[in-house]
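Input: a single structure, listed below in structure tokens.
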Amino acid sequence: MQLGQILDSQEGVSCVGEEVTFWLNVKDRDGRWIKRQIKALLYPVSAPEKTEVLRQAEQYLRTRAEWAEKDGKLPPIPAYIVSNEVDIRFLFAALQDIDDPGRPLVEVANYERFRVGLVDQTIDALTKAHAAFMASEYPEIVSATDMRKLEEQAKGK
């Protein structure tokens with residue numbers, strides 16, 4: 001079967017996200033920080049989406065006063081700043097609403113609040129959870145023999 005036929009087919013296995021729970025800091029009406037527990041689903045981020053994440057991260061940083069164009073020149077952005085923004089943008093792309101998996105958890109209008117509410121530990125934990133999820137959902141190429149063994153194991157034989 002050719003790729004076009006495969007892509008047009010309605011057959012396949014439903015993509016199911018990985019449920020995660022994490023803390024996000026938000027400001028209350030009085031400007032005090034409070035922690036909110038968030039439940040969401042992690043979903044795969046395709047290679048083209050990852051490229052888009054990189055583009056959006058740089059584009060966002062260039063809107064910040066310290067990294068914006070000055071006198072026709074773009075100031076260099078330190079690698080750790082770019083890396084951190086890419087990590088946050090990646091989570092922005094990967095997290096979906098637990099009650100409606102077809103919707104992103106974070107709307108574009110709430111990106112800044114999401115970004116500011118994350119701590120490094122949460123970013124690290126979610127990034128590791130996503131990597132583990134991807135390793136389990138998309139293992140390296142499996143031989144036909146190994147696939148039969150996995151299917152038999154799943155059937156309980």
Side-chain angles (χ1 to χ4, degrees), residues 2-28 31 33-142 147 150:
Q2 292 184 319
L3 181 61
Q5 294 168 309
I6 294 169
L7 295 174
D8 290 339
S9 171
Q10 296 299 309
E11 297 177 19
V13 178
S14 292
C15 186
V16 179
E18 177 76 9
E19 187 174 326
V20 291
T21 302
F22 62 96
W23 294 100
L24 186 69
N25 294 325
V26 296
K27 285 193 176 183
D28 68 10
W33 286 104
I34 58 172
K35 288 186 348 180
R36 296 290 310 267
Q37 190 176 57
I38 309 291
K39 288 188 178 198
L41 295 170
L42 283 171
Y43 268 83
V45 176
S46 71
E49 289 171 322
K50 179 91 188 238
T51 300
E52 180 63 12
V53 162
L54 296 168
R55 188 193 66 73
Q56 288 176 358
E58 183 174 349
Q59 182 181 30
Y60 173 81
L61 291 170
R62 291 293 178 198
T63 67
R64 312 291 288 191
E66 61 269 37
W67 315 118
E69 185 177 328
K70 294 176 185 118
D71 301 322
K73 295 182 182 178
L74 292 173
I77 304 172
Y80 74 93
I81 300 284
V82 174
S83 178
N84 189 39
E85 189 62 34
V86 166
D87 290 345
I88 295 168
R89 286 274 168 182
F90 181 83
L91 295 174
F92 172 71
L95 289 165
Q96 299 290 312
D97 185 320
I98 197 162
D99 297 321
D100 185 359
R103 293 179 51 132
L105 174 69
V106 183
E107 302 93 348
V108 172
N110 287 318
Y111 177 74
E112 188 63 32
R113 292 174 69 194
F114 172 70
R115 181 182 181 276
V116 172
L118 290 170
V119 296
D120 287 341
Q121 291 80 355
T122 301
I123 295 169
D124 292 344
L126 288 172
T127 301
K128 287 177 185 172
H130 191 270
F133 166 62
M134 293 303 290
S136 69
E137 287 293 310
Y138 299 92
E140 295 296 323
I141 295 174
V142 179
M147 183 57 83
L150 288 171

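Under 4.0 Å is where a charged nitrogen must lie from a carboxylate oxygen, and between E112 and R64 at least one such pair does. With salt bridges taken as basic N to acidic carboxylate O contacts below 4.0 Å, none links E69 and K73.
A donor-acceptor distance shorter than 3.5 angstrom exists from the side chain of E49 to the backbone of S46, with no hydrogens or angles considered. In terms of modelled atom types and a separation under 3.5 Å, the side chain of S9 and the main chain of Q5 share no donor-acceptor contact.
Note that CG of L42 and CG of L91 are 7.5 Å apart. Values are rounded to the nearest 0.5 Å. Distance check: L126 CG to L95 CG gives 6.0 Å after rounding to the nearest 0.5 Å. Rounding to the nearest 0.5 Å gives a distance of 9.5 Å between CZ of F92 and CG of N110. Atoms CH2 and CG, on W67 and L74 in that order, are 12.0 Å from each other to the nearest 0.5 Å. A distance of 9.5 Å separates CD1 in I77 from CD in E85, rounded to the nearest 0.5 Å. To the nearest 0.5 Å, atom CD1 of residue I81 and atom CG of residue L61 are 7.5 Å apart.
Closest heavy-atom contact between V53 and R89: CG1-CB, 3.6 Å. Between Y43 and P101, the shortest heavy-atom contact is OH-CB, 3.5 Å.
H130 has its ring centre less than 6.0 Å from the ring centre of F90.
P75 has its side chain out of reach of E66: every pair of non-hydrogen atoms, C-beta onward, lies at least 4.5 Å apart. Under the 4.5 Å side-chain criterion, counting only non-hydrogen atoms from C-beta, E19 is in contact with I98. Taking the side chain as every heavy atom from C-beta outward, P44 and M134 approach each other to under 4.5 Å. Considering only heavy atoms from C-beta on, I34 comes within 4.5 Å of V26 through its side chain.
Atom CZ of R103 is surrounded by 12 or fewer heavy atoms from other residues, nucleotides or ligands within 6.0 Å. Heavy-atom contacts from other residues, nucleotides or ligands closer than 6.0 Å to CD of Q2 number 12 or fewer.
Looking at R113, R115, E107 one by one, the single match for side-chain contact (heavy atoms from CB on, under 4.5 Å) with Y111 turns out to be R115.
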Please assess Q96 against L105 for the test side-chain contact (heavy atoms from CB on, under 4.5 Å), listing each intermediate value before the final yes or no.
CA-CA 4 Å; Q96 299 290 312; L105 174 69; 5.8 Å; no
Set out, in order, the CA-CA distance, both residues' side-chain angles and the distance that settles side-chain contact (heavy atoms from CB on, under 4.5 Å) for F114 and L24, then state yes or no.
CA-CA 7 Å; F114 172 70; L24 186 69; 4.2 Å; yes
Might you work through the side-chain contact (heavy atoms from CB on, under 4.5 Å) test for V119 and I123, ending with a clear yes or no?
CA-CA 6 Å; V119 296; I123 295 169; over 6 Å; no
Show, in sequence, the C-alpha distance, side-chain angles and deciding distance for L41 and E18, and conclude whether the side-chain contact (heavy atoms from CB on, under 4.5 Å) test is met.
CA-CA 5 Å; L41 295 170; E18 177 76 9; over 6 Å; no
